[in-house]
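To start, the structure itself, in structure tokens.
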Amino acid sequence: MGYFADKAINSTPQLPLKGATWDYSEHLPGNEYEIARIYSHGATLTDVCPPELTADWDATKKTLKSCLKAFKTSCLSLNENCFYDVLPEYFLYEYLNLKNKITQHVLDTHPRPENYDFMYNLVEMLSEIRLQPLNIEIDPIKHLLSSVRGKNFLRTTQTVKHVCDYNPWGTVTGRLATNPHTFPILTMNKEFRGCVKPHNDWFLELDFNAAELRTLLALGGNPQPPNDIHDWNVRNIFHNKLTREEAKVKTFAWLYSERTNKDLERLYNKDLVRNKYWDGFKIETDYGRIIPDVDEHRALNYVVQSTTIDVVHEQAYKVHELLRGMKSKIAFLIHDAVYIDLAEEDRYEILNLLDTFKNTRYGVFKVNNSVGKNLGDLKELKL
């Protein structure tokens, strides 16, 4: 230990380029630092560690695990103590020095992604959401907890952190995933949503009407219907011969299958969109997102889903910026929908929020709006 202690204390960790760091931190705001993790498309430090540092990094990780085990055994809470304050000083220098070297390696060897600024904004927004504890009240759903599924959900709520901690690189298309040991907002059964309550007065849900169909229309160069897209399809594609629900089922059954439908293909040009964004090997979207190793079977699905979720995240960030300085905040995102923890004092901003969310780079997307006192009881908002 003495050798490493002397070595650490008598040396300064090698720092990466000025204005660079491994991951986003709310302590380094203002978009003034290059984030190496974005360069690596969400890889871990282990994933991108150069061979000459692998042995040292593996030893460092082993020591870190030992420290965490010791903290747990001694009941030292990392919620009440700063992790860096309880590590031995010599080891902290070694750890940070290696982390800086790996960061420098990534910045030196990886090109700056075309969608860097977009991902920076997304990471910033998700980091701020992560810092907002959820308001979870079990009493409203107690009558549902006697079933096996209910007991499992209750056990989950008792063992995870009540925060929405998203991984923006959790799926190939850009859809969010939640990190382990945090609240499963994306996968929880809808019947249990009543336990999630706002800190302010209401939840306001902003949800694009038929988002993926609208994206496919836009990518094919067609204008957006101003009304419900399934009603629009009934009149303009199915000539009023189907109900709305029948038209919806038939449209989605065709969308991601090999089925043919000349009426649908007249406006939703799948082949045009697939060939525009897929070169036979990889997909590159208008957002600069690149998805490699994609076969023809998955190509259209990936193009539409990836572009749709980036539209949602782009618009969510605009809403996030509009809410700065207000009491209301974005509480969380669930797939294609954004949920705002709305304060009574900000109710007059609802129209501005709606207008901001619906005006996308592809035109105006119709937005469905709902409000409620908990996540499980949202009602359509008539504006």
(request) Any chance you could lay out the salt bridge (charged side-chain N to carboxylate O under 4.0 Å, His left out) test for Lys318 and Glu321, step after step, and finish with the verdict? (result) CA-CA 5 Å; Lys318 293 177 184 177; Glu321 287 293 283; over 6 Å; no
(request) Determine whether Phe183 and Thr156 make a side-chain contact, defined as any pair of heavy atoms from C-beta on separated by less than 4.5 Å. (result) no
(request) Could I get the full list of ring pair (Phe, Tyr, Trp, His ring centres under 6.0 Å) partners for His230, not counting sequence neighbours? (result) Phe252
(request) Measure the spacing between CG of Asn301 and OG of Ser257 and express it to the nearest 0.5 Å. (result) 11.0 Å
(message) Testing the basics here: between Thr157 and His162, what is the closest heavy-atom pair and its distance to 0.1 Å?
(response) O-NE2, 2.7 Å
(request) Could you tell me which non-hydrogen atom of Ser328 sits nearest to which non-hydrogen atom of Ala343, and how far apart they are? (result) OG-N, 2.8 Å
(message) Please check: side-chain N/O of Asn222 versus main-chain N/O of Leu267, any donor-acceptor pairing under 3.5 Å?
(response) yes
(request) Establish, from distance only, whether the side-chain atoms of Arg155 and Asn152 form a donor-acceptor pair under 3.5 Å. (result) yes
(message) Please check: side-chain N/O of Asn100 versus main-chain N/O of Leu96, any donor-acceptor pairing under 3.5 Å?
(response) yes
(message) Going by side-chain hydrogen bond (donor to acceptor under 3.5 Å, both in side chains), name the residues that satisfy it together with Glu314, two or more places apart in sequence or in a different chain.
(response) Tyr287, Arg361
(request) State the CD1-CD1 distance between Ile291 and Ile283, to the nearest 0.5 angstrom. (result) 5.0 Å
(request) Spell out, as yes or no, whether a donor-acceptor pair under 3.5 Å connects the side chain of Gln315 to the backbone of Thr356. (result) yes
(message) Could you check, using the six-membered ring where one of them is a Trp, whether Phe208 and Phe357 have ring centers closer than 6.0 angstrom?
(response) yes
(request) Without swapping roles, check the side chain of Gln132 against the backbone of Phe332 for a donor-acceptor pair under 3.5 Å. (result) no
(message) Between Asp207 and Asn368, does the side-chain hydrogen bond (donor to acceptor under 3.5 Å, both in side chains) criterion hold? Intermediate values first, please.
(response) CA-CA 5 Å; Asp207 183 16; Asn368 300 321; 4.8 Å; no
(message) What verdict does the side chain to side chain contact (heavy atoms under 4.5 Å, CB included) test give for Arg193 and Ile334, after you've listed the backbone C-alpha separation in whole Å, the side-chain angles of each residue and the deciding distance to 0.1 Å?
(response) CA-CA 12 Å; Arg193 286 185 173 185; Ile334 301 179; 3.9 Å; yes
(message) Within the structure provided, determine whether Lys248 and Asn233 are in side-chain contact (heavy-atom separation under 4.5 Å).
(response) no
(request) For the pair Lys262 and Glu265, find out whether any cationic side-chain nitrogen is under 4.0 Å from an anionic carboxylate oxygen. (result) no
(request) Would you check if the side chain of Asn97 reaches a backbone N or O of Tyr93 as a donor-acceptor pair within less than 3.5 Å? (result) no
(request) Drop me the distance from Thr215's OG1 to Tyr362's OH, to the nearest 0.5 angstrom. (result) 7.5 Å
(request) Using a 4.5 Å cut-off on heavy atoms from C-beta on, say whether the side chain of Asp341 contacts that of Asn135. (result) no
(message) So, taking the atom named NE2 in His105 and the one named SG in Cys49, what distance separates them when rounded to the nearest 0.5 Å?
(response) 8.0 Å
(message) How close do Ala316 and Val338 get, counting heavy atoms only, and between which atoms?
(response) CB-CG2, 3.7 Å
(request) Report yes or no: does Lys270 contribute a side-chain atom to a donor-acceptor pair with the main-chain N or O of Trp254 at less than 3.5 Å? (result) yes
(message) Less than 3.5 Å apart, any donor N or O on the side chain of Glu34 or Tyr39 sitting next to an acceptor on the other?
(response) yes
(message) Side chains of Gln305 and Tyr256 only: does a donor on one sit below 3.5 Å from an acceptor on the other?
(response) no
(request) Would you kindly say whether Asp286 and Tyr277 are connected by a side-chain donor-acceptor distance under 3.5 Å? (result) yes
(message) Looking only at side-chain N and O atoms, does Thr44 offer a donor or acceptor that is under 3.5 Å from a partner on Asp47?
(response) yes
(message) Hydrogens and angles aside, do Asn209 and Asp228 bring a side-chain donor and acceptor to less than 3.5 Å of each other?
(response) yes
Table please: side-chain donor-acceptor pairs of residues 164-172 below 3.5 Å, with sequence neighbours left out.
| unit_1 | atom_1 | unit_2 | atom_2 | d |
| --- | --- | --- | --- | --- |
| Asp165 | OD1 | Asn179 | ND2 | 3.2 |
| Tyr166 | OH | Leu333 | N | 2.9 |
| Tyr166 | OH | Leu333 | O | 2.6 |
| Asn167 | OD1 | Trp169 | N | 2.9 |
| Thr171 | OG1 | Gly174 | N | 3.4 |
| Thr171 | OG1 | Arg175 | N | 2.8 |
| Thr171 | OG1 | Arg175 | O | 2.7 |

(message) Surrounding CZ of Arg266 (heavy atoms of other residues, nucleotides or ligands, distance under 6.0 Å), is the total greater than 12?
(response) yes
(request) List the steps, then state whether salt bridge (charged side-chain N to carboxylate O under 4.0 Å, His left out) holds for Arg112 with Asp117. (result) CA-CA 10 Å; Arg112 195 176 198 266; Asp117 291 336; 3.6 Å; yes
(message) For Lys329, I'd like to know if atom NZ has over 12 heavy atoms of other residues, nucleotides or ligands within 6.0 Å.
(response) yes
(request) Would you check if there is a donor-acceptor pair between the side chains of Asp271 and Asn275 at a distance under 3.5 Å? (result) no
(request) Look up atom CD1 in Ile340 and atom CD in Glu205, then write down how far apart they are to the nearest 0.5 Å. (result) 10.5 Å
(message) Distance to the ring centre below 6.0 angstrom and angle to the axis at most 45 degrees; does that hold for Lys101 and Trp57?
(response) no
(message) Could you check whether any side-chain N or O of Asn269 sits under 3.5 Å from a backbone N or O of Gly220, counting only pairs where one atom can act as donor and the other as acceptor?
(response) no
(request) Would you confirm whether Arg214, through its side chain, and Pro225, through its main-chain N or O, come within 3.5 Å as a donor-acceptor pair? (result) yes
(message) Other residues, nucleotides and ligands only: do more than 12 of their heavy atoms fall within 6.0 Å of NZ on Lys250?
(response) no
(message) Check whether Asn374 reaches the backbone of Asp377 with its side chain - one donor and one acceptor, N or O, closer than 3.5 Å.
(response) yes
(message) Can you confirm whether His297 is buried at NE2, in the sense that more than 12 heavy atoms of other residues, nucleotides or ligands lie under 6.0 Å from that atom?
(response) no
(message) Is it the case that the side chain of Trp22 and the backbone of Lys99 share a donor-acceptor pair, with hydrogens and angles ignored and the cut-off at 3.5 Å?
(response) no
